[in-house]
Amino acid sequence: MTKASVPIPSVDEVLRGEAGRVVVARFGHAATLRTVRAALDDLRALSRHSALPHASREDTAATIAARAAEGLEAEDAPRLRRVLNLTGTVLHTNLGRAVLAEEAVTAAAAAMRAPAALEFDLESGSRGERDDIVRGLICELTGAEDAVLVNNNASAILLVLNTLALGKESIVSRGELIEIGGSFRMPDIMARAGTRLREIGTTNRTHLRDYTDAIGPETAMLLKVHTSNYLVQGFTKEVGTNELAVLAREKHLPLVDDLGSGTLIDLAKYGLRRERTVQDALKDGADLVTFSGDKLLGGPQAGFIVGRRDLVRACAKNPIKRAVRLDKIRLAALEATLKLYRDPDRLPDRLPTLGYLTRPLDDIRAQAERVEGPLARTMGDLFDVAICDCTSQIGSGALPLETIPSAGLAMTPRARKQSGRQLEALAGAFRRLPVPVIGHIEKGALVFDLRCLDAETLFVEQLEKLTIVRSEAEAEP
Ligand SMILES: *Cc1c(COP(=O)(O)O)cnc(C)c1O
């Protein structure tokens, strides 16, 4: 049998055709040319091996242009995708931690659009310091003497250790040698910062005399680290910042308190469990306090070093500061975020992180009731949908064992067979939506905790695009 030959258009014909011109206008000549060439190569290879349905050159050119457009569109889609965080973890490190306040978004956009007096004193016309932009605000809010800002809290710790303890010893309790996430391990950071770690006490108990005994001529500082993602419980003893401060003063050593999340407000006022604030740490006598910008503070990624002026100035002068400084975009966002703290009453309405954390349970339940129907219709007879109790977490190491009662929706496979794979398929289908929806699988169900669902309409409207579930789940052997 002879193969019917298909008239294959030239690259030029495709580019000059009506559909081709539209693609060029959208993606540019170079990218379109590259994709059209590849599509034509594919077509040639295909026509050598199989008979293709007959089509005119013009139609083939249009088909090739359409294929090129599809490829270019897929290439062009942003890699950093917006998602709906229905995991129940409000500050989810893998999902970008804090959602910023509108005020912060506006300020960051303005800083991107036009030149800004970042390191320029408008009063005198001379060079300024970028951290001056927020120093006053930070000191006003925390009661600190001085402040310096860096890329994140890991940088803050690196900078503090390298500035105050280079070539000398830093004393840390064994109960506080934390690992957070993949590669942030306190001992590793200390080694890279050029300070020797002097571990004291035991995992569960460290006494004041352990600190006293360890202090010697090589000691440069005492470091206290918030055990962000675990609790040491049972037969335990740790030495508080206030007790350590007395010792540090007596021995003329700086005391550094790494708070991790670092909140500026008393969370108990908002019905959450109280977490030690930055002000508490300073009042307890810490000379320097370090904390993150994108955890409980609810701002952009940043690291704060606040406290005694001479120590803060020394950090600011360290050449490493330049390597870990903040950019204008985040400084703008941070300034706007911090300003919101001047009005604590309105904070839950304006700061998304606090808004999510304080969202009333009734409100979340009511939302679950609204969304249940549309979701159940989408699931058809494949999954049962039920409103369920959830326990949200703050995340990012704030109040590690604290959970907040919440509500959500649980999707359970009707057929017991292969239910694990059905759940994985369903979770995958939600992840492939235009705005991926991320939940978690728990006790044989895919669970969406609705605490952070502020885009309800989007969630519901997208459900119709989830048709893939049916074919995938049914295709299970
Ligand atoms: C989160 C955390 C860090 C790291 O902060 P990043 O801002 O993520 O760099 C350091 N120390 C503690 C105690 C933390 O909780």
Side-chain angles (χ1 to χ4, degrees), residues 89-100 134 138 147-162 164-165 170 172-193 195 197 206 221-232 238 240-241 244 255-264 267 273 275-278 280-282 284 286 288-307 315 320-321 323-327 330-331 333-334 337-338 353 393-402:
T89 300
V90 175
L91 294 166
H92 200 299
T93 298
N94 305 140
L95 302 181
R97 290 194 185 158
V99 171
L100 270 67
V134 285
I138 297 171
V148 69
L149 286 161
V150 289
N151 179 60
N152 57 7
N153 191 27
S155 316
I157 295 159
L158 177 76
L159 184 60
V160 167
L161 291 169
N162 182 268
L164 304 184
S170 303
V172 190
S173 158
R174 285 202 172 84
E176 298 171 7
L177 286 172
I178 59 166
E179 170 178 315
I180 296 169
S183 53
F184 185 85
R185 282 180 149 190
M186 198 45 97
D188 297 342
I189 292 274
M190 297 184 89
R192 293 297 173 124
T195 183
L197 165 65
T206 301
M221 66 184 246
L222 307 182
L223 176 61
K224 185 139 183 68
V225 186
H226 186 275
T227 54
S228 294
N229 45 10
Y230 64 97
L231 273 189
V232 185
E238 68 165 321
T241 300
L244 273 186
L255 169 62
V256 179
D257 200 340
D258 172 24
L259 277 188
S261 205
T263 174
L264 303 179
L267 293 174
R273 214 185 67 187
E275 163 100 311
R276 226 165 128 242
T277 63
V278 175
D280 291 337
L282 290 168
D284 284 344
L288 288 182
V289 179
T290 61
F291 56 100
S292 297
D294 54 352
K295 292 184 179 174
L296 276 175
L297 192 96
Q301 182 189 301
F304 290 72
I305 302 169
V306 306
C315 290
I320 288 180
K321 162 64 166 61
V324 293
R325 71 185 183 185
L326 273 192
D327 62 285
R330 287 189 285 157
L331 264 168
L334 201 56
T337 305
L338 288 169
T353 299
Q393 294 180 1
I394 299 181
S396 286
L399 302 174
L401 299 189
E402 168 96 332

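Whatever order the structure lists ligands and atoms in, that order sets their numbers, starting from 1. What's counted below: heavy atoms across the whole structure, side chains too, no hydrogens, waters or symmetry copies.
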Any heavy-atom pair between the side chains of N151 and Q301 that's under 4.5 Å?
yes
Go through ligand 1 atom by atom and flag the ones less than 4.0 Å from a non-hydrogen atom of H226.
13 (C)
For ligand 1, which is the ligand I care about here, please tell me if D258 has any N or O atom under 3.5 Å from one of the ligand's N or O atoms.
yes
Does T290 reach the main-chain N or O of I157 with its side chain, forming a donor-acceptor pair under 3.5 Å?
no
Among V306, L334, L264, the one residue meeting side chain to side chain contact (heavy atoms under 4.5 Å, CB included) with I138:
V306
Can you list the ligand 1 atoms lying under 4.0 Å from a non-hydrogen atom of R97?
6 (P), 7 (O), 8 (O)
When rounded to the nearest 0.5 Å, the distance separating CG of L259 from CZ of F304 is 12.0 Å
Heavy atoms, side chains only, cut-off 4.5 Å: are L297 and T263 in contact?
no
Is the contact between E176 and ligand 1 made by the side chain, the backbone, both, or neither, using heavy atoms and a 4.0 Å cut-off?
neither
I'd like to know if K295 contacts ligand 1, where contact means a heavy-atom distance under 4.0 Å to any ligand atom.
yes
I157 and ligand 1 - part of the residue with a heavy-atom distance under 4.0 Å:
side chain
Atom 7 (O) of ligand 1: of S155, G260, S292, G262, the nearest heavy atom sits on S292
With no hydrogens and no angle check, is any side-chain donor or acceptor of S261 less than 3.5 Å from a backbone partner on L296?
yes
Based purely on interatomic distance, does A154 place a nitrogen or oxygen under 3.5 Å from a nitrogen or oxygen of ligand 1?
yes
